[in-house]
Amino acid sequence: LWQPPLAMNNPQLTIEVNGRVFTPDKHNLQPGTSGNFGRNTVILLSQQVPGNSGKFYQGPAGSYSGGIEYQMSSMPVAQWSKYALAYSGVPMIMLTGRDWKEMPEEVKNALLQYADLGGVILLIGVEAPERAVLLNEYWRRENVGFGYLLYSSIEPEAFSESDWQYLERDWQRFQNTVNDNAMKNSGNLFRALLSIDSNNFPAVPLMLVMVVFAIIVGPVNYIVLMRRKRLMLLLVTTPLISLVFAGLIVGYAFVAEGWGIQQGIHSMTYLDEIRQQAATIGNMGIYGAVSPDGLKFSEAMELRFGEGTADSGYLQIDDSAGQLLTGSWFVPRLPGAIAFRKAENRLERLKINPLADGSLEVVNGLGGEITFLAIKMPDRKAYESATPLPGGARAVLWPKEGGGVSREFELRDNFLHGWNSFRQPSAEQLPAGNYYAELVASPFIETGFEAGKLSQKAAVFGHFAEEEKTK
């Protein structure tokens, strides 16, 4: 199971491995003794973090602010999980320089993938790289994918109240973005259905049918039978007319929508070509007359089910080879949605070759057709193209003239402001050494099943080089 290195306990959970059912006291899905993983914000601390974790910060009234819980890990970092999804439920992990130096490389890679997916790692006593941005006299921030690393030269007990408020605002925004309950109630997931025709409910035609039905089954039916002096036939004609109109409505639904399942996916991928890492976030909307059965995803994909998905009934997950979801996970004829995150090793890249005349030769090695491309070179020259570029194809781009930068594009903002409203940046807004590409379909995610109609909106934010420092 993907779980953080915390003690866990949940009597409602049953786990079966190779036919053996484990009792609830063997696994625990609530951190600590009083926390609720879906309601409280849990900050994970290594065993080396100095100070009492329960006394880090107290609000003006002396109570813990915003339901924040500081939980010390139950095991040393050498035993932490090597899978990024084990940490995906916590907004911040606190580590010391000794932890960072001594932990196994597999664990460190998993934590960096966790940061790629939107997490924050606070490193105490670790020297910050030159590219890290200075926040105050003892904090430096390095953006990593959708999250960041925060380097601190002082221990947490020395943080000021304003420091903690800065962190808490970020934690709560993370919780509102990733937390199951927030996703179910926000309505953001349904934006993934914008491209699905069946989401346009035919309210006017159905209202007209209901009005005609009411007129025929009521006044018309009664007047006709009264004139023929056969009112007793109301017991026969009324249900027959009702059946006819019910059949018309059902027939209209099947003619308009059929038995097929429609799917819409919005996704954004952070592709670090230097580290050969990809982190993808997004939403998947599903609508159909029947619920898809046998959804297949890789083990690296985190799935969070929103409104329109089943919360009861026979639901099963087989993780012996990836994730196979069987049963009625979606309610038929009700739009349902899944929020997902995924981090993995990837070799795709956009091949960029500067030419002597100042232009760029670009070869699309991302695995899908590009419809928009913006590039900012390490020397801060900006290039853009809205000409479609199929996978494997070559194009030549020329530098843009003029154009100021009002605000630099940040992946963190996109992560925290909804996963269906990714803003398209201009080349000037990109950090140097990065590119932004919009694709017809994302090669970094699996759709789960073969839909009758599939609509995708995909974007890739790629990091291919470090910015050149001005002399």
Side-chain angles (χ1 to χ4, degrees), residues 183-184 187-202 250-269 278 280-311 313-319 321-342 344 346 348 366-371 388 390-391 418-422 438-460:
M183 283 189 167
K184 288 181 179 179
N188 286 338
L189 296 183
F190 289 103
R191 297 179 188 174
L193 296 169
L194 290 176
S195 58
I196 295 180
D197 296 337
S198 295
N199 199 37
N200 299 320
F201 185 74
V250 173
Y252 171 83
F254 284 126
V255 171
E257 301 173 358
W259 285 98
I261 301 174
Q262 303 180 54
Q263 186 179 30
I265 302 176
H266 291 186
S267 66
M268 187 168 196
T269 299
T280 303
I281 63 174
N283 287 319
M284 178 184 302
I286 296 176
Y287 180 93
V290 295
S291 174
D293 190 17
L295 282 76
K296 177 74 173 179
F297 300 98
S298 71
E299 65 177 12
M301 199 157 176
E302 176 194 55
L303 307 172
R304 293 176 179 263
F305 289 80
E307 292 179 358
T309 57
D311 56 5
Y314 182 74
L315 306 174
Q316 188 173 5
I317 301 177
D318 181 358
D319 63 353
Q323 300 180 77
L324 177 63
L325 282 61
T326 56
S328 299
W329 285 87
F330 291 87
V331 181
R333 299 200 180 280
L334 183 64
I338 301 175
F340 58 83
R341 292 192 291 173
K342 181 182 181 182
E344 60 183 342
R346 299 295 291 240
E348 287 89 346
L366 296 181
E369 181 179 350
I370 296 175
T371 57
W419 299 355
N420 296 304
S421 56
F422 301 130
E438 292 183 354
L439 286 76
V440 173
S442 174
F444 299 96
I445 59 171
E446 51 270 13
T447 60
F449 67 102
E450 188 173 346
K453 178 182 178 181
L454 174 62
S455 175
Q456 289 201 53
K457 292 183 179 180
V460 175

So do the side chains of L303 and W329 get within less than 4.5 Å of each other, counting heavy atoms only?
->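 A side-chain contact under 4.5 Å is absent here.
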Is R304 close to R341 at the side-chain level, that is, under 4.5 Å between some pair of heavy atoms?
-> yes
What closest approach, in Å, do [X] and [Y] show between heavy atoms, and which atom pair accounts for it?
{"X": "Q263", "Y": "T447", "value": "NE2-O, 2.8 Å"}
{"X": "P292", "Y": "I286", "value": "CG-CG2, 4.2 Å"}
{"X": "S267", "Y": "F340", "value": "CB-CZ, 4.0 Å"}
{"X": "P443", "Y": "G367", "value": "CB-O, 4.1 Å"}

For [X] and [Y], indicate whether the former's side chain and the latter's backbone hold a donor-acceptor pair under 3.5 Å.
{"X": "T371", "Y": "E438", "result": "yes"}
{"X": "K342", "Y": "F444", "result": "yes"}
{"X": "E369", "Y": "P388", "result": "no"}
{"X": "E344", "Y": "A300", "result": "no"}

Could you walk me through whether S298 and E446 pass the side-chain hydrogen bond (donor to acceptor under 3.5 Å, both in side chains) test, one step at a time?
-> CA-CA 8 Å; S298 71; E446 51 270 13; 2.9 Å; yes
Can you measure from [atom1] ([X]) to [atom2] ([Y]) and round to the nearest 0.5 angstrom?
{"X": "N283", "Y": "I265", "atom1": "CG", "atom2": "CD1", "result": "10.5 Å"}
{"X": "T269", "Y": "L366", "atom1": "OG1", "atom2": "CG", "result": "9.5 Å"}
{"X": "F449", "Y": "F297", "atom1": "CZ", "atom2": "CZ", "result": "8.0 Å"}
{"X": "M268", "Y": "K457", "atom1": "CE", "atom2": "NZ", "result": "14.0 Å"}
{"X": "Q323", "Y": "K296", "atom1": "CD", "atom2": "NZ", "result": "9.0 Å"}
{"X": "Q456", "Y": "H266", "atom1": "CD", "atom2": "NE2", "result": "9.5 Å"}

